Number of protein chains: 2
Amino acid sequence: MENNIKFLQTVPLFNGIDEEELTHLLGCIGAKKKTYVKNEFIFLSGDIPTSIGIILSGRVQIIKEDAFGNRTILNDLSAGAVFGESFICGGKFPLTVSAQAAENSSILLCPFDLLMHMCPQACEFHNTLIRNMMVMVSRQNIKLLAQLEVTTKRSLREKILTYLAQLAQEQNSATVTAPLGRVDLADFLGADRSSLTRELKRMQEEDLIQYDKNTYTLVNAVGVK
Amino acid sequence: MENNIKFLQTVPLFNGIDEEELTHLLGCIGAKKKTYVKNEFIFLSGDIPTSIGIILSGRVQIIKEDAFGNRTILNDLSAGAVFGESFICGGKFPLTVSAQAAENSSILLCPFDLLMHMCPQACEFHNTLIRNMMVMVSRQNIKLLAQLEVTTKRSLREKILTYLAQLAQEQNSATVTAPLGRVDLADFLGADRSSLTRELKRMQEEDLIQYDKNTYTLVNAVGVK
DNA sequence: AGTTGTATGTTGCATTTGCAACATAAAGGA
DNA sequence: TCCTTTATGTTGCAAATGCAACATACAACT
């Protein structure tokens, strides 16, 4: 666990909390390390969570599956990311989404339930933790708004362009590398995979974009160099 | 302002903060009441906000407009609601959305910028405020996830059914009243208004739903009475 | 009541899109 | 290396959908 502590100190959630405090905290609440194989579910929609998850290594996707088997990827998280916190911090809501290991992953499960709901005087760094959490959830919020901007677009082409424009802004380049393959990207956009490929091809033919695998270049992009 | 204090005490953000503290707080940070006429913008996309808004009366919509003039309604808020907080609490991000008065409204603008970023020892109730904010932003997060569930649906019919199912769960009834009219609902679903009307009509013909104005009944709904 | 502006309903039409089915390519394991 | 699995590309087709244009209904204001 010791080498994990060093890593955990770099995680935004534990900003401003020193090594001893962190060691004490994790022991005190009974955090447990657990490994998951690819495609294994970490949290399941419908459960009432008591722990947040912190990714020590690997990759986790937050997904939503409906009765028809349609899958939507809501988030794609890598080492250092925290998940499940909204449902804990909002006050014990049943999960409306699932967390699934996108590859073999090592997760630290922290029973934050008590921590978030007990009296604020519990520990001196308790308030720091809540403040960090507020910042993280707020940013997550902004991220969700960005995704909504994509998914509410009326045509697939607009969705693709909006998504690529967001990546371009993040990566500050008109040539961007998407973290998702075709299957996952289609799920993210809320579209059919074959429709996505088809539209990408059309857009390339019309010289709107150029792409190879998961690298895309916006041609005549405005606002980015 | 006195009668506003009574009202503000009922707002979740100020949970656990008593009248004197609240009066002091608002004076200290320089909160200002301002009125807006219908359709007036309160916050504009691109601005870096320094205040959060609290609705004293009226109705405010959080919207996103793109270059083509497509408008998406991200949220529809009434008295007591707070907006703009994610961009303050996440750490001074430029707004990616706008806030617009949906009817004549009275708004309390609270310069929370400093408050959220200054040293935690500022006031004794400062930590209460941050905790409240964390809970609110987390819930907002869950709400955004619900909206994503709707907008990522692959067909308009599924979007409508998902939206109505969510309302049915909230209102615990198979007959629900939507807070949005056709125009706004179409924007919310990310669809064309005429397509929405057409699909609603078809669904009624197929006896999936029944509706009149903004009241909808799910026929053969599962999970609700 | 009359006027104006906005919300809503309706319809034809071209286009987009999901869906299914199949081919090919790439990746991972035995 | 071979085999299996998964990802990706391709295409035909029917259905869904955006769009434009217009009619009607409703609400607000004078």
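Order of the sequence lines fixes the chain letters, A, B, ..., with proteins taken first and strands second; residue numbering starts at 1 for each chain. Just so you know, these numbers come straight off a predicted model, no measurement behind them.
Under the 4.5 Å side-chain criterion, counting only non-hydrogen atoms from C-beta, B:Lys159 is not in contact with B:Arg154.
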* Structure fact -> In 5'-to-3' order, the base (B), backbone-only (S) or no-contact (-) status of each nucleotide in nucleotides 20-26 of chain C, using a 4.0 angstrom heavy-atom cut-off, is B------
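Every side chain to side chain contact (heavy atoms under 4.5 Å, CB included) that A:Thr177 has, sequence neighbours left out, goes to A:Thr215. Every residue meeting the side chain to side chain contact (heavy atoms under 4.5 Å, CB included) condition with A:Asp192, not counting sequence neighbours, appears here in chain and number order: A:Ser194, A:Ser195. Residues that satisfy the side chain to side chain contact (heavy atoms under 4.5 Å, CB included) test with A:Thr151, not counting sequence neighbours, are A:Gln147, A:Leu148, B:Leu148, B:Thr151, B:Thr152. In this view, A:Lys64 and B:Glu149 satisfy the salt bridge (Lys or Arg N to Asp or Glu O under 4.0 Å) rule, not counting sequence neighbours. With sequence neighbours excluded, the residues satisfying side chain to side chain contact (heavy atoms under 4.5 Å, CB included) with B:Ala146 are B:Gln166. Among residues two or more places apart in sequence or in another chain, the salt bridge (Lys or Arg N to Asp or Glu O under 4.0 Å) test is passed with A:Glu206 by A:Arg157.
In this structure, B:Met203 atom CE and D:dA16 atom P are separated by 12 Å, rounded to whole Å. Between the CG atom of B:Asp212 and the P atom of D:dC26 there is a distance of 11 Å, given to the nearest Å. Separating the CZ atom of A:Arg71 from the C1' atom of D:dT6 is a distance of 13 Å, rounded to the nearest angstrom. For the pair A:Lys153 NZ and C:dT17 P, the interatomic distance rounds to 14 Å; values are reported in whole Å. Put simply, NZ on A:Lys38 is 14 Å from P on D:dT5, counting in whole angstrom units.
For B:Ser195 against D:dG18, a side-chain N or O and a base N or O form a donor-acceptor pair under 3.5 Å.
Phosphate contact (OP1/OP2 of D:dT8, side-chain N/O of A:Thr197, threshold under 4.0 Å): absent. Side-chain nitrogen and oxygen atoms of A:Lys201 include at least one within less than 4.0 Å of the OP1 or OP2 phosphate oxygen of D:dT11.
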Pair up each side-chain donor or acceptor in residues 91-112 of chain B with any protein partner under 3.5 Å, not counting sequence neighbours, and list the distances.
| unit_1 | atom_1 | unit_2 | atom_2 | d |
| --- | --- | --- | --- | --- |
| B:Ser98 | OG | B:Ser45 | N | 2.9 |
| B:Gln100 | OE1 | B:Arg71 | NH1 | 3.3 |
| B:Gln100 | NE2 | B:Asn39 | O | 2.9 |
| B:Glu103 | OE1 | B:Arg59 | NE | 3.1 |
| B:Asn104 | OD1 | B:Lys38 | N | 2.7 |
| B:Ser105 | OG | B:Arg59 | N | 3.0 |
| B:Ser105 | OG | B:Arg59 | O | 3.2 |
| B:Ser105 | OG | B:Glu103 | O | 2.6 |

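Remark on the helix from C:dA1-D:dT30 to C:dA30-D:dT1: inter-end axis angle 60°, axes from five-pair C1' superpositions, rounded to 10°.
The two residues B:Gly90 and A:Ser138 come nearest to each other via the heavy atoms N-CB, 3.5 Å.
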Give each protein N/O atom lying under 3.5 Å from an N/O atom of nucleotides 13-16 of chain C, with the pair distance.
none

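Aromatic pair A:Phe87/A:Phe43: centroids not less than 6.0 angstrom apart.
Within residues 180-188 of chain B, the residues having any heavy atom closer than 4.0 Å to DNA chain C are, in order of number, B:Gly181, B:Arg182, B:Val183.
Between B:Arg182 and B:Asp187, none of the side-chain N atoms (NZ, or NE/NH1/NH2) sits under 4.0 Å from a carboxylate O, so this pair counts as no salt bridge. A salt bridge links B:Arg202 with B:Glu199; the closest basic N to acidic carboxylate O contact falls under 4.0 Å.
The list of side chain to side chain donor-acceptor pair (under 3.5 Å) pairs with a residue in residues 78-89 of chain B, not counting sequence neighbours, reads A:Asn141-B:Ser86.
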